[in-house]
Every structure is written in structure tokens, then in C-alpha cells.
Amino acid sequence: MEHGELEEHRRKHTMNGVRSKGVKGQPQASPRMNGHVNGTASQGGGREKDESSEDEASAVNGHTRRPLHGRKESNPLAPPFIVSAPGKTIVYGEHAVVHGKAAIAAAISLRSYLLCTTLSKSKRTLCLQFPDIGLDHTWHIPDLPWTAFKHSSRRKRYYDLVTTLDQELVDAMQPHITTVSSKAKPSVQQRHQQAASAFLYLFLSLGSENSPPCTYALRSTVPVGVGLGSSASICVCISTALLLQCRALSGPHPDQMSKEAEEQLERINRWAFVGELLIHGNPSGVDNTVATNGHAVLFQRKDYRKPPAVEILRDFPELPLLLIDTGQAKSTATEVAKVGHLKTAHPEVTGLVFDAIDSITRSAHSIVTGENPGSEASITHLGELMNVNHGLLTSLGVSHPRLERLRYLVNESGVGWTKLTGAGGGGCAITLLKPGASSSSDSHLNGDGAQGSALQELERQLEAEGFAKILLKLEHLQPSGSFKSRGVGNYCLQALRNRRQASTPGTHPENKTERKVHFYSSSGGNAGLACVHAARSLGCPATVVVPLSTKPMMVERLWAAGAHGGIEGRAGWEATTVLALETRGADSLAQSLEQGELITLPGITSLATSLGATRVSERTFELASKGQASGRVRSAVLTDAEAAMGCWRFADDERTLVELACGVNVALCYGGRLEKALGRPVGREEKVVIVVCGGQNVTTSMVEGWRLECGDLDRAVTTNGHAESVPSTVTAPNGV
Ligand SMILES: Nc1ncnc2c1ncn2[C@@H]1O[C@H](COP(=O)(O)OP(=O)(O)O)[C@@H](O)[C@H]1O
Ligand SMILES: C[C@@](O)(CCOP(=O)(O)O)CC(=O)O
């Protein structure tokens, strides 16, 4: 694609009005997007306005239909959004891959996350907040070297733009990089300036003087500089975010053609490669390719002037791998340069080593894509290949005494086969565990029998020598859904033991005959839930005292978890007003009440079909009519767009996905809709319970599509995309 084509593409593929139809199941895009970029915003230098015709049908969930909501002309403050991408481990072929040979790499479940928050136009600043490396830097957008980046001689072919760095542009950018952390010590400064260069080059290439001022906040769970592809992971995030902002991406979208999705991933990947060029100097592109696509890949770039050959290995087997960090810092650029020098000095010998590594990768590929990759024979084959691959990398000079010590310890223990992963010179190693070494149910590290204890012994030795195994801590899988289960659970257990010992000296703590302990918690949030779960599992009652501001959803969850009596803030039904919510086009109750007789709709024209009835039951109508007369039942109708807004706000504010038929209830919480529906202000002391009926007819892409289409509704209820008026300033106790 030529540079001009990119411009053209930006015009065609804005975030709104994507109308590719009928194809479902876009590839599992690794860069995940949360929130959205409002396509009506004048971004990417204000060059484009969405030229898609608004009256054409758009497709959501496979149904052709009218747009939910007419779009407004512009939205100066695009809502914040997050993109994310994983780190990786190279299983076979590092370094050789830089010199045209094949490599196999797999994504890991450690990720980087980039939050982009557009600032008020008056600011004109571009702010990087990268706390993992301690970088916090702000540029003034008009001061950046736009002329150099815009100059016509710079308008190169698109392919050149994304495969090589333009040295003149790098030089033009330099004065803005040297000021980054200029007072920090050299190693820190280098780390900061590498990240800042990658960001700024991409920003200058994809943005313009008119780009919106924005804060880019990056957090990563990928350890920095240990061979797990932290730089590729952040470059993929940066590339995705900037492409979204200049509107060169149109997805993800449920109806996106898979080819289009692939093209977009490729676009992200190519610009991420440019970022890697800034950080590494001479990357092969394997890291950014796996960070973009997820899964595992077989990657080979024979000719840097041509795109690499990439085979995505979607069925890559779940190999029992142990990831160990030597704790020894390394630099990819240094290690890659070292191998480059060796190649210059000894081209033939080095070439043979690369060829041998290539054979290893090919042999491993045939095993992992073969009949039974998880069999004992296959694992042994793959393990032996790892040993040889490591030996060849050592011969290239990229091992380190810490890596060799680690290999010695693992070999001695007999639990598996080990090689360095990534650039080497320190960083991480991977061990493929032998069958039996990882089969225990209670810990993935504690195998059964002799192998299991060998592994435990190895673990002790590694820890004693300062090696770190990298594990993921999934606290959200605790019984109560958060880490609070740990502290609160422990507290409850101790309290119960103390109480039992104090009241019946000499009694066994698990003695269940004496009076039950009743636990109280004064939190309506995760701590309250943790208390209820802990108390229940100890066979005790728990009461949670919640502040008035606690959201109904949390109160419902506390009841559902088994909270015992007296949750503060629940109202008796006698004084309750019931609001019956429907979407326009499924409003058979509202129309019946209005006409004073049961009516039948000719059909459901609302998109919220699952709870839609063309005619409500006699009993419903009777009760609703009586309630309406006494003022205890009111009926309200919202649009599909408002129901959709309820869904995306609920997803953002409460991390819960619900379908339109439920979203219409949730929408009440926002923008004073509740007061309007009730026809009166709602006092702070009043309790509001929203029935979150849920529903399965929803996916994140559907919600994203709805928001893209009618995101303007957000402006009435949020500031910078945060629902600061939830449920509404009038309704919410203490302004929450
Ligand atoms: N979380 C992060 N925040 C900011 N910059 C990062 C982060 N992770 C990586 N980087 C950038 O990437 C560089 C590390 O790249 P590299 O040496 O290739 O390590 P890795 O093997 O982890 O990719 C860092 O010096 C920094 O510039
Ligand atoms: C050494 C190399 O093959 C992998 C480097 O991986 P990492 O930066 O250590 O995560 C270089 C490359 O492929 O770009």
C-alpha cells in the first residue's frame, strides 16, 4: 500500500459506518481494544470526515437494520480507550531468525496495556506515562518536527515506510529525544529514550500537528528486557492505538470480513515493527508478529525487502514449559549486534550454525503440527531439539554464566530440557518438562512421584540461587472474585480459631458444637463479598453493612453470595415505586397503559427482542393499570440507542456484559433518565434497585459496535468517558 493509499484507507475506514456484512468470526485479534475511538472526532490531523453514507443499513449481530442513532458532526473529546498485546517466548530459532532462518514463537499470558485519554484541545500536549520504567514525559505537539515528517520527499512507498527507518527523520526527532530523562543515569536514560523514540516516530508518522492532545499511560505485566518480548508487546499497543486514532483501523467488529481483519492486524504489525526498529536496531519481526496475532507462529524473513512468511500455529500444543528468569539484565540490541559481528568475521561457520538452527525449527514444526504432539515421544523429541538449539546459541556467544548454571541445575534434576529464550546474554530460559514432571493437580510445579519431588527440589535450588520462576497470579479466580479473599479469609479463620480457643479452652478449633461466630463487615464492595464467602465456607453467618452509595448490583451480589440479614439500604416493597421499562418498538405495555386497553403490536421492531412481547398478559396489564392508578407503577420507554448505552456503560463501569433487553434498565442510571421516568427528583436517601436481568445475546464486539454507532450518548453522561454522574448527580448518594 502506498502512503497515499493509507490516507485513502483512513478516509474509507473510519470507526463508524463499517458495513461489511455476513461474515462472522474475525481472527482472535491479539491487540484487544476496550472502549472506543469515536469516529466522528476530527483526528489524524482533521484530514478526514467519515464519508460513509449514514442512511445505509449497518449490520450488528448479522441483522441488517437501521442505524441506532444519528451521528453528530464532531466530538472534540474522544472517549478514552485501552489496547493490549501479549509478550512471547521464542521456542526455537532466535538469532538465526534475524539472518533469514525460521523460528517458532508463542504468545504468553503476560500483556501490556496502553490507556489513551484525549485531553482538552487547549492543552496541545502529548504525554507519555510509562511507570514500569519510570518514564513520564510531555511534548508540546506544535514543537515537534512536523515539517521533516511531512516533507514531500519523505512521502515514500508505504512498504518502505514500514520496513526501514528514515535516518533523516530519526535525526529530526533526536532533539526531542535527548531531552527525555536527560538527568537520569545512562542505563535508565537509554531505556527511556528507546521507548520514547519508538512512540514518537510512530506518532510523527501517523499523526499530524492537529492530532488531539492525549495522555498515553502504559502498564505491562511482561517483565522488561528479559527476553519475553516486552518491547514488541508495547510497540504493538502503540501502533494499534495510533492507527485507531488516525482512523486507519475499522475493527474489531462482529461483521468484519476476516480478510479485512487480517489486513488490519498486518497494518498494526508493520508499524509495530517500525517501533521495534527504533528499540532494537535490527529486529527480525518475529516478536511483533506473535504479539500482534497471538497463538504461536512459524516465522521466516528471508528477504527484508519482502514480507516474511508467517504460519499461525493455532493448534500449538500446550507444552509443559517452565519459564525461569536468570535475573541477569540483557540488551537485545547488544546480543543481536554480537551475532552480526560473528557472522561478518566467520560467515561460513556462522552460516552453518544458522542452518542447523533452521533444521531444528523445521523438525520441531513437523512435530507440533503432527499427529500427536503431546505424546511422550514427541515431548522427548522437542526437548532434545531444545538442548541442541541452546548449544548452538552458546556457540554464537549469546549465552551467559547464569544461563549455563541454570541449565546445569535443571539437567542435574533430570526434570526436563532447557534453552535460553530471546536474545540471551541473560534474560530468561525455558524448560520443557519431561512427562510426569508436571502432572500434579494441586500445583503445576509439583509433579507426582520421583519427578515431582525432583521438581520441588529444583525449585528450592533455583530460589536459593536467586533465579525466579515466572508465574501468573490469578487473584480474580479467588472464590469471591478478588484478592480480598486472602486477607479477609485469613482474618475470619483466625478470628474463629481465637474465639473457639478462648471460649472452650482445650477444645479442638474445628469443634462445631459451640455457638456460631457471626461475622460483620462494613464494606459493600469486594471486601464484603470476601467476608460472606469466607464466613459461609466456615459455616458461619455474615452480615455486611454497606454504605448507601453501594450499587444495587453489589447489594444483589452480596445477597446471592449468602449475606445474612440486614444489608443496609434495602427498602420494603410497600413504599416501592416500580418502573416498567421497555424499548421503543417493543413497548406493548406502555401503549396498552396509554390507551387504557390491552393492545397487540403488529410486530417487534426494537432490537431488544428477547424480552419483547407483542402483547403483555392480562394479569400484567391488570396489575400495571392498578399500580399506575395508585402511582406505584410507572411505565417508561427508551430507545434502542439508550439501551445500547446502558450496555456499554455497564461494561465499562461495572465490568459486566448484558444484552440490550437488560441494558435498557441499566440506562436508567445515567443522565437523569431515572428522574425523568419517575417524573420527580430522586432524593439521596432513596434506594434504587435495578433489575439486571442479564441475557446471553451479547458479545464485546456487539457492544463496541453499538458504541461506535451511537457513542454520542456518552457525552451526556460522562466526562472523558468516565461515568462521573452515575446513577446521576441527583440520584446518587454523596455524588457517586
Ligand atoms: N513496560 C514498559 N514500559 C515502557 N517501556 C518498555 C516497557 N517494556 C519494554 N519497554 C521498552 O523496551 C525495551 C526492552 O526491550 P528489549 O531489550 O528487547 O527487551 P525484551 O526482550 O523484553 O523485548 C526497554 O528498554 C524499553 O525501552
Ligand atoms: C534475538 C531475537 O531473535 C529475539 C529477541 O527477543 P527479545 O528481545 O529478547 O525478547 C531478535 C529478533 O528476532 O528480533
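Just so you know, ligand 1 is whichever comes first in the structure, and atom 1 is the first atom listed for that ligand. We count residues from 1, following the sequence as given.
The neighbour count for His341 NE2, taken as heavy atoms of other residues, nucleotides or ligands under 6.0 Å away, does not exceed 12. Atom CG of Asp315 sits in a sparse spot, with 12 or fewer heavy atoms from other residues, nucleotides or ligands closer than 6.0 Å.
In this pair, Phe130 and Phe199 present their aromatic rings perpendicular. The plane angle is above 60°, beyond the 30 to 60° band.
Closest protein heavy atom to atom 2 (C) of ligand 1: Leu218 CD2, 3.8 Å. Shortest contact from atom 10 (N) of ligand 1 to any protein heavy atom: Ile234 CD1, 3.7 Å. For atom 26 (C) of ligand 1, the closest non-hydrogen atom on the protein side is Arg191 O, 3.7 Å. Closest to atom 22 (O) of ligand 1, if we only count protein heavy atoms, is Ser230 OG, 2.6 Å. Atom 25 (O) of ligand 1 has Gln194 OE1, 2.8 Å as its closest protein atom, hydrogens excluded (heavy atom only). Ranking the protein heavy atoms by distance from atom 15 (O) of ligand 1 puts Ser231 CB, 3.3 Å first. Atom 21 (O) of ligand 1 has Lys330 NZ, 2.8 Å as its closest protein atom, hydrogens excluded (heavy atom only). At the top of the distance list for atom 17 (O) of ligand 1, counting protein heavy atoms only, stands Thr332 OG1, 3.3 Å.
Close approach of ligand 1 to Ala195 (heavy-atom distance below 4.0 Å) involves ligand atoms 5 (N), 27 (O). Residue-ligand proximity, Ser220 to ligand 1, at heavy-atom distances under 4.0 Å covers atoms 1 (N). Near Phe130, with a cut-off below 4.0 Å to any heavy atom, the atoms of ligand 1 are 4 (C). The atoms of ligand 1 that sit less than 4.0 Å from any heavy atom of Gly229 are 20 (P), 21 (O), 22 (O), 23 (O).
Note that OG1 of Thr240 is 10.5 Å distant from CD of Gln264, once rounded to the nearest 0.5 Å. Of the inter-residue distances, the one linking Gln174 atom CD with Ser197 atom OG reads 6.0 Å to the nearest 0.5 angstrom. Taken to the nearest 0.5 Å, the CG atom of Leu385 stands 12.0 Å off from the CD1 atom of Ile357. To the nearest 0.5 angstrom, Lys101 atom NZ is 10.5 Å from Thr361 atom OG1.
For the pair His192 and ligand 1, the shortest N or O to N or O distance does not fall below 3.5 Å. The shortest N/O to N/O separation between Gly225 and ligand 1 falls below 3.5 Å.
No close placement of the Phe149 and Phe203 rings is indicated, their centers lying 6.0 Å or farther apart.
When non-hydrogen atoms are compared, ligand 1 lies under 4.0 Å from the backbone of Val226 (N, CA, C, O) but not from its side chain. At a heavy-atom distance under 4.0 Å, only side-chain atoms of Asp132, from C-beta outward, approach ligand 1. Using a 4.0 Å cut-off between heavy atoms, His280 contacts ligand 1 through its side chain alone, with no backbone atom that close.
In this structure, Arg301 forms a cation-pi arrangement with Phe273, its terminal cationic atom sitting closer than 6.0 Å to the ring centre and no more than 45° off the ring axis. Judged by a 6.0 Å distance limit and a 45° cone about the ring axis, Arg314 is not positioned over the six-membered ring of Phe316.
A donor atom on one side chain and an acceptor atom on the other are found under 3.5 Å apart for Asn269 and Thr289. Side-chain contact of Thr89 with Thr421: a donor-acceptor pair under 3.5 Å is present, judged by distance alone. With hydrogens and angles left out, the side-chain atoms of Lys183 and Ser181 include no donor and acceptor closer than 3.5 Å.
Comparing heavy-atom distances from atom 5 (N) of ligand 1 across Ile133, Thr421, Leu128 singles out Ile133 as nearest.
The backbone N or O of Gly87 sits nowhere less than 3.5 Å from a side-chain atom of Arg111 that would complete a donor-acceptor pair. Using a distance-only test at 3.5 Å, with no hydrogens or angles considered, a donor-acceptor pair links the side chain of Lys419 to the main chain of Val91.
Within the structure, ligand 1 lacks Gly422 among the residues with a heavy atom less than 4.0 angstrom away.
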Close N/O pairs between ligand 2 and protein, under 3.5 Å:
residue  : atom   : partner : partner atom : Å
ligand 2 : 3 (O)  : His95   : N            : 3.0
ligand 2 : 6 (O)  : Lys88   : NZ           : 3.2
ligand 2 : 6 (O)  : Asp287  : OD2          : 3.2
ligand 2 : 8 (O)  : Thr332  : OG1          : 2.7
ligand 2 : 9 (O)  : Lys330  : NZ           : 2.7
ligand 2 : 9 (O)  : Thr332  : OG1          : 3.4
ligand 2 : 9 (O)  : Ala423  : N            : 2.9
ligand 2 : 10 (O) : Lys88   : NZ           : 2.6
ligand 2 : 10 (O) : Gly227  : O            : 3.4
ligand 2 : 10 (O) : Gly229  : N            : 3.1
ligand 2 : 10 (O) : Asp287  : OD2          : 3.3
ligand 2 : 13 (O) : Ser284  : OG           : 2.5
ligand 2 : 14 (O) : Ser284  : N            : 2.9
ligand 2 : 14 (O) : Ser284  : OG           : 3.4

